[in-house]
Participant: 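First the structure, then my questions, so here it is.
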Amino acid sequence: MPKRDALLFIRRAAVLAAAALLMPAAHAWTSKPVRMLVPAPAGGTMDVMARLLAEQLTADLGQPVVVDNKPGGGGAIAIATLLAAPADGQTVMVTATNVLTEVPQVQKTPYDTMKDIRPLAAVGRSRMVLVGAPGLPPKDLKSLIAYVKANPGKLSFASYSAGTASHYAGAIMNQEAGMDLQHVPFAGSGPALSQVMGGQIPLMYDGMVTSLPMIRAGKVQPYAVASKTRSPLLPQVPTFAEQGFPDIDFSNWVGVIGSSHLPMDLSVKIQNAVYKAANQPKVRERLEALGYEPMPPQTLQELERSLHAEYDRNASIVKNFRIQP
């Protein structure tokens, strides 16, 4: 082999060897066990996503990723735990964005989620859908609006909590469609949805993750999806936008967040590891079965911009509609 070719071969081999050494490091941000906080009880949709990611990350990192449920306070207990931990990547949190962008609008917290939290990876999106009791006579949104107007003061809608998008959607729709549905807040989707299935409350604006199994089982009927485009999980159900109500556009994503004090290089490593785990076929299939739409990777800057936009929009809704805790 000529001397020049030999040198070129050695140089390429060295580059490939260096790349091979660096590739695991891109996904392995730690050599210690990781604590993954969840602001909800075990068994809920956020918890299920956390355990899916934790299992895959444990395999990828070669370190245990342990799920630690910290429910209560609208996510405040889990966030306070996250921020009290060292910003070294050993403690992260799986949450839905409503914990960061909706709850703080109506609840005082000792932290500022827009300053103290850094979104690291958005894994799955859940759109909102308007569902009704199975025995409710109207079968489409136009008929539903006419039915509500024909029964003034008699009907109501449930939300999974006051001051959340589930509440916002009902308030905006009441105004734009000229309805007078009374708001009945609950402490979570489960209790509210059971009342709708039982016919005690006729309607609910709910996240698709909790409503989709009930829609598929015929236990509630869907009227419209709160997004600009139809959901691939409910392609037969029209959107509010299609039916003349483009302002009813609500969804949130569930993913991984950390402290804003995390070093940027460490944040990127955590993000890469989470996206790698979330992209595994078995993880994607399970997320879709739960009612989440897998999301394409976004940069840290893109995630921060979208989170701020969602927060500002919710703040405007709370102010304009005088929504109280």
Side-chain angles (χ1 to χ4, degrees), residues 23-24 26-29 34-69 92-99 119-129 131 160 188-190 193 206-220 222 225-237 239 250-258 269-299 302-303 306:
M23 282 180 68
H27 297 296
W29 77 81
V34 175
R35 184 186 190 192
M36 182 175 278
L37 301 169
V38 182
T45 52
M46 278 190 281
D47 176 73
V48 172
M49 179 180 278
R51 292 179 190 278
L52 277 171
L53 290 175
E55 181 180 2
Q56 187 61 49
L57 284 169
T58 295
D60 291 346
L61 299 174
Q63 294 293 331
V65 178
V66 181
V67 174
D68 186 0
N69 299 88
V92 295
M93 179 170 159
V94 167
T95 187
T97 51
N98 67 317
V99 172
L120 298 173
V123 175
R125 182 171 294 282
S126 173
R127 310 190 199 200
M128 189 163 289
V129 59
V131 296
Y160 47 71
S189 286
L193 203 54
D206 191 30
M208 199 177 291
V209 170
T210 45
S211 278
L212 188 61
M214 305 309 162
I215 293 171
R216 288 172 172 168
K219 295 181 179 180
V220 295
V225 174
S227 60
K228 294 290 193 292
T229 58
R230 292 200 183 195
S231 167
L233 301 176
L234 281 176
Q236 76 281 14
V237 179
T239 68
F250 292 98
S251 65
N252 59 35
W253 56 256
V254 177
V256 178
I257 65 171
K269 286 183 178 181
I270 296 173
Q271 181 182 71
N272 288 341
V274 173
Y275 280 143
K276 179 189 175 188
N279 200 42
Q280 295 301 309
K282 65 179 181 180
V283 176
R284 289 176 65 90
E285 289 169 10
R286 182 69 179 119
L287 290 177
E288 289 175 354
L290 287 169
Y292 285 109
E293 297 170 28
M295 297 177 67
Q298 299 175 67
T299 66
E302 288 170 336
L303 287 171
S306 67

Participant: If you define the side chain from C-beta out and look only at heavy atoms, does anything of L233 sit under 4.5 Å from R127?
Facilitator: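 L233 vs R127: side chains apart.
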
Participant: Could you tabulate the donor-acceptor pairs under 3.5 Å formed by side-chain atoms of residues 208-218, not counting sequence neighbours?
Facilitator:
unit_1 : atom_1 : unit_2 : atom_2 : d
T210   : OG1    : D206   : OD1    : 3.1
T210   : OG1    : D206   : OD2    : 2.7
T210   : OG1    : G207   : O      : 3.1
S211   : OG     : D206   : OD2    : 2.6

Participant: Under a 3.5 Å threshold, yes or no: a donor from one side chain and an acceptor from the other, between R125 and S251?
Facilitator: yes

Participant: Quick one: OG1 on T58 to CZ on R51, what's the gap to the nearest 0.5 Å?
Facilitator: 11.5 Å

Participant: How close do P222 and V237 get, counting heavy atoms only, and between which atoms?
Facilitator: CG-CG2, 3.7 Å

Participant: How would you list, by chain and number, every residue that makes a side chain to side chain donor-acceptor pair (under 3.5 Å) with S126, sequence neighbours excluded?
Facilitator: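 Result, side chain to side chain donor-acceptor pair (under 3.5 Å) vs S126: none returned.
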
Participant: Taking the side chain from Q271 and the backbone from L120, do they hold a donor-acceptor pair closer than 3.5 Å?
Facilitator: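 A pair under 3.5 Å: yes.
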
Participant: Are the side chains of M93 and V256 in touch, meaning some heavy atoms are under 4.5 Å apart?
Facilitator: no

Participant: Do V67 and D47 make a side-chain contact, defined as non-hydrogen atoms from C-beta onward lying under 4.5 Å apart?
Facilitator: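 With C-beta onward as the side chain, the pair touches.
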
Participant: To the nearest 0.5 Å, tell me how far D68 CG sits from L37 CG.
Facilitator: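 Output value for this atom pair is 5.5 Å.
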
Participant: Which atoms form the tightest heavy-atom contact between G255 and M49, and what is the distance?
Facilitator: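 In terms of heavy atoms, the two residues are closest at N-SD, 4.4 Å.
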
Participant: Go through the steps to decide whether F250 and V225 satisfy the test side chain to side chain contact (heavy atoms under 4.5 Å, CB included), and finish with yes or no.
Facilitator: CA-CA 9 Å; F250 292 98; V225 174; over 6 Å; no

Participant: Taking atom CG of L53 and atom OH of Y275, what is their separation to the nearest 0.5 Å?
Facilitator: 11.5 Å

Participant: Nearest heavy-atom pair of A122 and W253: which atoms, and what distance?
Facilitator: CB-CD2, 3.5 Å

Participant: About how many Å separate OG1 of T239 and CZ of R230, when rounded to the nearest 0.5 Å?
Facilitator: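 That separation rounds to 7.0 Å.
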
Participant: Heavy-atom distance under 4.5 Å between the side chains of R284 and N279, does that happen here?
Facilitator: yes

Participant: Would you confirm whether E288, through its side chain, and E285, through its main-chain N or O, come within 3.5 Å as a donor-acceptor pair?
Facilitator: no

Participant: What is the distance from atom CG of L61 to atom NZ of K276, rounded to the nearest 0.5 Å?
Facilitator: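 Interatomic distance, L61 CG to K276 NZ, rounded to 0.5 Å: 8.5 Å.
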
Participant: Does the side chain of V123 come within less than 4.5 Å of V254's, by heavy atoms?
Facilitator: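 SC-SC contact between V254 and V123 ruled out.
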
Participant: Test side chain to side chain contact (heavy atoms under 4.5 Å, CB included) on Y160 and L193 and set out the steps.
Facilitator: CA-CA 8 Å; Y160 47 71; L193 203 54; over 6 Å; no

Participant: Take V92 and I257 through the test side chain to side chain contact (heavy atoms under 4.5 Å, CB included) and record every step on the way to the result.
Facilitator: CA-CA 6 Å; V92 295; I257 65 171; over 6 Å; no

Participant: Count the heavy atoms of every other residue, nucleotide or ligand shown that sit under 6.0 Å from CD of E293, and state whether that count exceeds 12.
Facilitator: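 Yes, CD of E293 has more than 12 neighbouring heavy atoms, counting only those of other groups under 6.0 Å.
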
Participant: Test M128 against N252 for side chain to side chain contact (heavy atoms under 4.5 Å, CB included), laying out the working first.
Facilitator: CA-CA 8 Å; M128 189 163 289; N252 59 35; over 6 Å; no

Participant: What's the separation between atom CG in N98 and atom CE in M46, rounded to the nearest 0.5 Å?
Facilitator: 6.5 Å

Participant: Do the side chains of V34 and W29 get nearer than 4.5 Å, heavy atoms only?
Facilitator: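 Counting from C-beta outward, W29 and V34 do come under 4.5 Å.
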
